[in-house]
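Single-structure report; data block below.
Nothing here was measured: the structure is a model prediction, and the numbers come from that model.
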Amino acid sequence: MAPQNQNTHEAKRVTYIGAWLDGLLSIVKVAVGFLVGSAALIADGIHSLSDLVTDGFVLAAIHYGRQEPDKDHHYGHGRIETLATLLLGSVLIFVAGGIAWSSLNRLLSGTEVNAPGIIAIGITLIALLSKEWIFRYTMRVAKRVQSRLLEANAWHSRSDALSTAVVLVALIGAQFGLGWLDAVAAIIVGLLVGKVGWDLLWESARELVDTALPEDAQHKMHEVAESVPGVENVHDLRTRQSAGWAMVDLHVVVGSRISVSEAHEIGNEVSRRLRRTYPALTDVTFHIDPEDDQGEGDPSRFPGLPLRPEVEAALDQRWSDLPIWHTLTELQLHYLNDKVSVSLIIDDAVNQPPQCLASQLKALASDIEWLDDVEILFITRAASNAL
């Protein structure tokens with residue numbers, strides 16, 4: 001089984017186990033709560049029921065959110081997990097408000113609570129241990145498969161365990177005549193649930209607006225990229241997150257005269273080293289720069305320089321009468337400092353110093369404002385034959 005499929009299988013399995021547990025606990029808590037008249041136990045049962053609902057969200061998000069990119073979702077489906085986390089947090093806040101409001105009314109009205117009995121206390125203790133176990137189990141799987149949504153669901157289980165602990169204290173107090181503790185415990189449960197819901201809303205909202213990785217992580221990425229041989233500088237490094245994964249794009253400055261293939265391989269090595277350092281990276285996009293243009297803005301928003309067809313046409317118009325122009329083997333163009341420099345590779349049979357030829361050619365094209373340097377490079381006949 002592929003690692004991605006294995007991770008998805010593990011995430012679904014732990015969620016199914018948690019769902020069965022939440023369903024059973026919610027039924028038992030609500031039923032016993034009604035029997036003994038405990039608002040706190042009923043509220044805790046509703047909390048467990050909300051866990052069951054969110055388990056459904058998690059299963060749907062895991063199934064769809066971990067699918068491979070397709071023609072409509074080129075960057076994958078990770079945002080589905082983020083959206084599900086947002087909905088999960090909203091549900092929790094709604095449930096928390098209902099629990100806290102009803103419990104506050106119960107406390108203010110002075111409704112008496114009878115002693116719940118040993119059975120109710122024992123069931124609550126078993127529920128507490130069960131939720132703590134599912135929290136630890138889910139968190140281990142979440143760390144292993146690197147799922148923020150699964151981690152959020154684990155903390156949801158922990159919030160249920162904490163609320164059950166509060167309820168347990170309230171039931172013990174009610175057993176000894178402190179019935180008002182039941183309503184207070186229910187209010188505390190509501191606040192705990194609301195806090196977890198708010199945290200989930202905040203984190204998922206930050207992710208949806210493409211909040212960057214922490215500053216120390218960005219700084220480390222910058223250092224890793226600059227450690228690659230051939231990299232002269234790195235700038236415009238940007239990061240964002242999606243469902244526990246991270247994406248980065250950056251500009252890599254390399255030597256201005258190296259070949260395209262060498263520059264691209266340098267960029268590939270930057271990408272490889274970043275992925276090794278940060279396994280959570282799913283997408284690394286690099287832009288190769290032959291010169292440092294940091295702070296100059298998006299070049300696509302400014303007028304550009306002429307491309308090869310226009311350059312060749314302009315030079316041919318001025319150099320077509322020269323024999324050297326017709327012995328040209330290769331014409332290299334270098335776009336630097338908002339100018340175009342040209343390198344003419346010609347046969348070494350020309351009996352004239354390259355500096356003199358370059359000066360003559362540049363003088364004939366002095367009216368071209370975008371032309372910078374003209375360079376003559378000889379290629380020997382032996383080398384030409386070998387090629």
Side-chain angles (χ1 to χ4, degrees), residues 3-4 68-69 73-79 81-82 143 146-148 203-308 311 332-343 370 372-373 375:
Q4 180 75 0
E68 295 295 326
H73 305 86
H74 298 170
Y75 294 93
H77 300 75
R79 294 293 191 195
E81 287 199 20
T82 306
K143 297 293 187 183
Q146 296 180 328
S147 172
R148 288 284 298 278
E203 289 300 322
S204 56
R206 281 170 52 84
E207 194 168 292
L208 285 176
V209 297
D210 287 337
T211 301
L213 291 173
E215 286 288 340
D216 56 342
Q218 296 181 58
H219 182 70
K220 179 63 177 177
M221 286 181 177
H222 197 279
E223 290 181 343
V224 169
E226 285 196 330
S227 69
V228 175
V231 174
E232 297 184 358
N233 187 23
V234 172
H235 62 90
D236 290 346
L237 188 149
R238 302 182 300 176
T239 61
R240 56 192 177 97
Q241 304 174 66
S242 176
W245 301 96
M247 286 141 278
V248 60
D249 61 81
L250 68 163
H251 288 218
V252 179
V253 182
V254 298
S256 60
R257 298 292 182 125
I258 67 175
S259 68
V260 173
S261 59
E262 182 182 357
H264 189 262
E265 186 55 29
I266 290 173
N268 286 338
E269 182 60 22
V270 169
S271 178
R272 283 188 286 266
R273 294 193 184 188
L274 285 174
R275 288 181 184 276
R276 286 197 296 267
T277 307
Y278 293 92
L281 280 176
T282 59
D283 195 273
V284 180
T285 303
F286 59 84
H287 173 81
I288 295 297
D289 280 334
E291 57 187 356
D292 194 340
D293 59 358
Q294 184 174 8
E296 296 184 9
D298 185 352
S300 66
R301 299 179 181 273
F302 304 100
L305 294 168
L307 298 180
R308 180 173 291 271
V311 171
Q332 295 180 348
L333 306 181
H334 306 283
Y335 292 81
L336 302 168
N337 301 315
D338 293 325
K339 297 281 188 177
V340 181
S341 296
V342 297
S343 296
W370 45 257
D372 192 10
D373 290 332
E375 181 182 27

Minimum-distance pair of heavy atoms, taken over all atoms of S271 and V284: OG-CB, 3.6 Å
Pair E223-H219, side-chain donor/acceptor within less than 3.5 Å: yes
Indicate whether any N or O donor in one side chain lies under 3.5 Å from an N or O acceptor in the other, for D372 and H334. no
Can L333 and V311 be said to form a side-chain contact (heavy atoms from CB on, under 4.5 Å), step by step? CA-CA 9 Å; L333 306 181; V311 171; 3.8 Å; yes
Testing the basics here: between L250 and A225, what is the closest heavy-atom pair and its distance to 0.1 Å? CD1-CB, 3.9 Å
Distance, nearest 0.5 Å, that separates NE2 of H287 from OG1 of T285: 12.0 Å
So, taking the atom named OG1 in T277 and the one named CE in M221, what distance separates them when rounded to the nearest 0.5 Å? 8.5 Å
If you measure from CH2 on W370 to OG on S341, what distance do you get to the nearest 0.5 Å? 10.5 Å
Using a strict cut-off of less than 4.0 Å between a Lys/Arg side-chain nitrogen and an Asp/Glu carboxylate oxygen, indicate whether R257 and E375 qualify as a salt bridge. yes
Distance-minimising heavy-atom pair for V254 and A263: CG2-CB, 3.9 Å
Is the closest side-chain heavy-atom distance between V231 and I266 below 4.5 Å? yes
Would you give the length of the straight line joining atom CD of E291 to atom OH of Y335, rounded to the nearest 0.5 angstrom? 13.0 Å
Indicate yes or no for a side-chain donor-acceptor contact from H251 to the backbone of D289 under 3.5 Å, with no hydrogens or angles considered. no
Check whether any side-chain N or O of Q218 sits under 3.5 Å from a backbone N or O of L213 as a donor-acceptor pair, and report yes or no. yes
Heavy-atom closest pair, residues P290 and S256: O-CB, 3.4 Å
Quick one, V248 and L281 - any side-chain contact, counting heavy atoms below 4.5 Å? yes
Taking atom CG of D338 as the centre, does the number of heavy atoms from other residues, nucleotides or ligands within less than 6.0 Å exceed 12? no
Euclidean distance, R240 CZ relative to M247 CE, rounded to 0.5 Å: 4.5 Å
Strictly by modelled atom types, are N233 and H235 linked by a side-chain donor-acceptor pair under 3.5 Å? no
Is there side-chain contact between K220 and D216, with at least one heavy-atom pair below 4.5 Å? no
Any side-chain heavy atom of R273 sitting closer than 4.5 Å to one from V228? yes
State plainly whether the residues R275 and E269 are in salt-bridge range, i.e. N to O under 4.0 Å. no
Enclosure of K143 NZ (heavy-atom neighbours >12, cutoff 6.0 Å): no
Using 4.0 Å as the upper bound for N to carboxylate O, is an ion pair formed by R272 and E265? yes
In Å, rounded to the nearest 0.5 Å, how long is the span from CG of L237 to CZ of F286? 13.5 Å
